[in-house]
There are 2 protein chains.
Amino acid sequence: MQATKRSIIDAANILFYQQGYDHTSFSRIADEIHISRGNFYHHFKSKDEILEAVLQVRMSHTCEMLNGWEKESDNALDCIRRFIQILDVNFDKIQSYGCPVGTLCTELGKLNHNAQEEANQVFVLFLDWLKKQFILLGHEKEAEHLAMHLLARSQGVATLAHAFQDRDFVMYEIQEMFDWLDNINEEE
Amino acid sequence: MQATKRSIIDAANILFYQQGYDHTSFSRIADEIHISRGNFYHHFKSKDEILEAVLQVRMSHTCEMLNGWEKESDNALDCIRRFIQILDVNFDKIQSYGCPVGTLCTELGKLNHNAQEEANQVFVLFLDWLKKQFILLGHEKEAEHLAMHLLARSQGVATLAHAFQDRDFVMYEIQEMFDWLDNINEEE
DNA sequence: CAAACATTAGGTCAATCATCCTAGATGTCA
DNA sequence: TGACATCTAGGATGATTGACCTAATGTTTG
């Protein structure tokens, strides 16, 4: 029971990222995990329901990742640096398919899909987490702005990295974000 | 001869932006301009050929816009400010559909479409133009980096504006980019 | 007016899509 | 072993897709 459903969600998660939600068919997912098409409807009533499940998995994975960063880091500054460095750590994937969060939100927005709001919640997870780190650094008032600013910059870098496949650019921008981070913490 | 072909391209241009390339069907375009489906193949051999035509239109429109900015501006600083301000000027569209350049490049990348490289060329137009302005401001060495940096930031802002429909955020980020622009020109 | 060409409408095609259905396989538990 | 729920395979469905074709209409030119 669990195994097949699980593998459907996992395969859909990857394919939605690599090919986009709309462009990924049941046949494509079925081929990937070697089950028949008709099998889907015992586990999900519709394609939307698979998307729902994928979004929930992404939410929980993101939570785990963010909690992991907090545990492995000495302080809030290190946490934020970890966030910035995902552009380097996940460069291969980003170069090939863009940011998994941003590209899905953009696609669902264009499709006028009901799940757009839910997809945005993954962004919100990052925003709240970043805001928390900036507050820990003593930026209570500007924390919201700083979080949005940094998320926007990483989104922009991911978009151009996907378009141009330019690693040097990404490394340069990471350094720029590190410098920016140092600057706002020197001002006191 | 011209009229129908022209209206197909114009309708496709808008729909590819609003709904995405893959998700826009011939029927949808035909309905929009009240022609029959079969009519397409007298003007275009395939859907890819329509995309090709749309990309050429976008290229020339972008060139005209950039040339216009140069003519209407007093100096390179004003030119760059104009670029930053499209986020405000086109806010309604960006809020609804994202950046027309970035979202198409991202989609074509995921579809592994041949025209991805050509779509990127619209980005290159902006990059070369920005680079030129930064050189005029005396930043020969860093012009390339500065152009990529600014384009990335505007892309990031557009992505989050589309996701969250937050005008205040956009206005705040525009001010941040203005400040950044002033800073790099004070340093001499 | 007539012949040559350009444009359009609408039907047809095979392929693919999400969805649904049923029959059989596999497991679980009395 | 037998009864019953769960799971799976694969075919059928109707809708939609990009592509193609032909007949009919405009338009231009000799």
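Convention: sequence-line order gives letters A, B, ...; per-chain numbering from 1. Since this is a predicted model, take the numbers as computed values, not measurements.
In this structure, A:Asp31 places its CG atom 12 Å from P of D:dG10, rounding to the nearest Å. Taking atom CZ of B:Phe44 as the reference point, atom P of D:dC20 lies 15 Å away to the nearest angstrom. Residue A:Leu111 contributes atom CG, which lies 15 Å from atom C1' of C:dC17 at whole-angstrom precision. Nucleotide C:dG11 holds its C1' atom 17 Å from the CZ atom of B:Phe26, rounded to whole Å. Straight-line distance from the NZ atom of B:Lys47 to the P atom of D:dC20: 15 Å, rounded to whole Å. Regarding B:His42, its NE2 atom lies at a distance of 16 Å from the P atom of D:dA23, rounded to whole Å. Taking atom CD1 on A:Ile29 and atom P on C:dT16, their separation rounds to 17 Å, with Å as the unit. Rounded to a whole Å, the CZ atom of A:Phe40 is 13 Å from the C1' atom of D:dG10.
Using a 30° and 60° split on the angle between ring planes, A:Trp180 and A:Phe134 fall in the perpendicular class, above 60°. Using a 30° and 60° split on the angle between ring planes, B:Phe26 and B:Phe40 fall in the parallel class, below 30°.
Residue A:Ile35 places its side chain closer to D:dA9 than to any other of C:dA6, C:dC17, D:dA9. When the nucleotides C:dT19, D:dA19, D:dT8 are ranked by their closest atom to the side chain of B:Ser46, D:dA19 comes out on top. Closest approach to the A:Thr4 side chain among D:dT8, C:dT19, D:dA19 is made by D:dT8 (side chain taken as heavy atoms from C-beta onward). Set against C:dA18, D:dT8, D:dG10, the side chain of A:Ser36 has D:dG10 as its closest nucleotide.
Note that CG of A:Leu66 is 9.0 Å distant from NZ of A:Lys132, once rounded to the nearest 0.5 Å. Here the CD1 atom belonging to A:Ile29 is positioned 11.0 Å from the CD1 atom belonging to A:Ile14, to the nearest 0.5 angstrom.
The side chain of B:Tyr41 places no N or O atom within less than 4.0 Å of a non-bridging phosphate oxygen (OP1 or OP2) of D:dC20. For the OP1/OP2 pair of C:dT8 and a distance below 4.0 Å, the side-chain nitrogens and oxygens of B:His43 include at least one atom meeting the criterion.
A cation-pi geometry, defined here as NZ or CZ lying under 6.0 Å from the six-membered ring centre and within 45° of its normal, holds between B:Lys5 and B:Phe44.
Each of B:Asn39 and A:His23 lies near DNA chain C, and the nucleotide nearest B:Asn39 is the one positioned closer to the 5' end.
In terms of heavy-atom proximity, B:Phe83 sits nearest to B:Ser154 at CZ-OG, 3.6 Å.
Taking a pair as Watson-Crick or G-U wobble with both distances under 3.5 Å, the runs of three or more consecutive pairs in DNA chain D are C:1-30 with D:1-30.
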Give me the distances for all protein-to-nucleotides 12-16 of chain D N/O pairs that come in under 3.5 Å?
from: D:dA12; atom 1: N6; to: A:Arg37; atom 2: NH1; distance (Å): 3.3

Evaluate salt bridge (Lys or Arg N to Asp or Glu O under 4.0 Å) for B:Glu107 paired with A:Lys110, printing each intermediate quantity in order. CA-CA 11 Å; B:Glu107 183 186 359; A:Lys110 293 217 183 204; over 6 Å; no
Let me see the working for A:Asp128 and A:Lys131 under salt bridge (Lys or Arg N to Asp or Glu O under 4.0 Å), right down to the final yes or no. CA-CA 5 Å; A:Asp128 288 346; A:Lys131 187 178 169 186; 5.8 Å; no
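For B:Trp129, the side chain to side chain donor-acceptor pair (under 3.5 Å) partners at least two apart in sequence or on another chain are B:Glu70.
Under 3.5 Å, the side chains of A:Tyr21 and A:Asp48 contain a donor-acceptor pair of N or O atoms.
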